[in-house]
Novice: 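Below is one structure. I have some questions about it.
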Amino acid sequence: MRKKIVAGNWKMNNDLAETEMFFTELKKQVIPEHVVVMIAPSFTNLNQAFNSLKDFPVEIVAQNMHQCDKGAFTGEVSAKMLISVGTTTVILGHSERRELFHETNALLAEKVKTALENDMDIIFCIGEQEEDRKEDKYFDLIEKQLTEGLFHILEGSWKHVVVAYEPVWAIGTGETASPEQVQEMHHFIRKTIAKKYNDAIANDVSILYGGSVKPDNAVEIFGQDDVDGGLIGGASLKVESFMKIVNSFEN
Ligand code: PGA
């Protein structure tokens, strides 16, 4: 079932006190029943966030994880560790992970496999660079990211996967893809999934848009046929702007 989803990706922002303050404020809000709301704090605050939101309809998700279950990987966090602090969804393949931490499609395929083996849900991010768009290579690039990073999963695993399309040139830049550009790509992503798997899977998967989503552009972006919500960076750091985005669906 396609769901309407708004997920806040806090990146490396908000320490413990700021996280607590945010959730104290968030818990005064009403979360609309037809929207699945998620927040991805840093690893250090996951457990605190999970405990703080136990009786509140917002899911706490992780921003990343390692592909191995355990071992000598200084500074890394495993799927089992995430689950042990109450987190069962993980964002994989964010463009900052791909670019700054050199995560490849092959590595991401391994992370996807590990997450699914641990019964976790995944928000799988894909997106092209500005050059790819200028050189008209963006559809090929997105197809490659899907094929090499995600298309090894079995049909039955798609219920655990959400795809997030985040054009790199629109992340944190204030430059948003136009609603037409977003719809065009989301439709392409759905078609590519249908070609590899089938129409039912393609129609069921939620596809989020990310890249400078703000309260003043969310309604138009979320109103596109193939857009099921957003992955929100900067605007998720304040309860007010985040909630305006959460309330941007037409029904
Ligand atoms: P932004 O980030 O909303 O600040 O552009 C989106 C993201 O990186 O997920």
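Order of listing sets the numbers, starting from 1, for every ligand and every atom in it.
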Novice: Can you tell whether the side chains of E240 and K238 come within less than 4.0 Å, N to carboxylate O?
Specialist: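 Salt bridge: no.
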Novice: Can you name the atoms of ligand 1, numbered from 1 with element, that are less than 4.0 Å from a heavy atom of G172?
Specialist: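 It comes down to these atoms of ligand 1: 1 (P), 4 (O), 5 (O).
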Novice: Is it true that R98 and E166 make a salt bridge, defined as a side-chain N closer than 4.0 Å to a carboxylate O?
Specialist: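 A salt bridge is absent here (no side-chain N lies under 4.0 Å from a carboxylate O).
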Novice: Looking at atom 9 (O) of ligand 1, what's its closest protein heavy atom, distance included?
Specialist: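 Checking every protein heavy atom, the shortest distance to atom 9 (O) of ligand 1 gives E166 OE2, 2.6 Å.
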Novice: For a quick check under 3.5 Å, do E59 and T89 share a side-chain donor-acceptor pair by atom type?
Specialist: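 The answer is yes; a qualifying pair exists.
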Novice: Does the N or O separation between S212 and ligand 1 drop below 3.5 Å for any pair?
Specialist: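 Indeed, backbone or side chain, S212 has an N or O that close.
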Novice: Looking only at heavy atoms, is any part of S236 under 4.0 Å from ligand 1, and if so is it the side chain, the backbone, or both, or is it neither?
Specialist: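 It is neither part, as no heavy atom is under 4.0 Å.
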Novice: Does the side chain of Q63 come under 3.5 Å of the side chain of H94 through a donor N or O and an acceptor N or O?
Specialist: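 No.
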Novice: Check the pair Y138 / E130 against side-chain hydrogen bond (donor to acceptor under 3.5 Å, both in side chains), numbers first and verdict last.
Specialist: CA-CA 9 Å; Y138 52 115; E130 194 164 21; over 6 Å; no
Novice: For ligand 1, which part of N9 has a heavy atom less than 4.0 Å away: the side chain, the backbone, both, or neither?
Specialist: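 Side chain only; the backbone of N9 stays clear of ligand 1.
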Novice: What residue and atom, counting heavy atoms only, is the protein's closest point to atom 3 (O) of ligand 1, and at what distance?
Specialist: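 Ranking protein heavy atoms by distance from atom 3 (O) of ligand 1, first comes G233 N, 2.9 Å.
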Novice: With sequence neighbours left out, what residues match K144 under side chain to side chain contact (heavy atoms under 4.5 Å, CB included)?
Specialist: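 In terms of side chain to side chain contact (heavy atoms under 4.5 Å, CB included), with neighbours along the sequence ignored, K144 is linked to N105, E148.
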Novice: Output the list of atoms in ligand 1 that are nearer than 4.0 Å to some heavy atom of A170, sorted by atom number.
Specialist: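 In order of numbering, the contacting atoms are 5 (O).
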Novice: If you measure every N/O of K214 against every N/O of ligand 1, is any gap under 3.5 Å?
Specialist: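 There is no such contact.
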Novice: Once you round to the nearest 0.5 Å, how far does CG of N47 lie from CE of M81?
Specialist: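 Between atom CG of N47 and atom CE of M81 there are 13.5 Å.
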Novice: Do the charged groups of D228 and R190 touch, with an N to O distance under 4.0 Å?
Specialist: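 Result for this pair is yes, salt bridge flagged.
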Novice: Evaluating non-hydrogen atoms only, which member of E175, E96, Q63, H94 is closest to atom 8 (O) of ligand 1?
Specialist: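 Shortest heavy-atom distance from atom 8 (O) of ligand 1: H94.
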Novice: Among all protein heavy atoms in this structure, tell me which lies nearest to atom 4 (O) of ligand 1, with the distance rounded to 0.1 Å.
Specialist: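 Heavy-atom neighbour on the protein nearest atom 4 (O) of ligand 1: G234 N, 2.9 Å.
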Novice: May I ask whether A235 has any heavy atom positioned less than 4.0 angstrom from an atom of ligand 1?
Specialist: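 It does not; every heavy atom stays at 4.0 Å or beyond.
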Novice: What atoms of ligand 1 come closer than 4.0 angstrom to any heavy atom of G211?
Specialist: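 With G211 as reference, the close atoms of ligand 1 come out as 5 (O).
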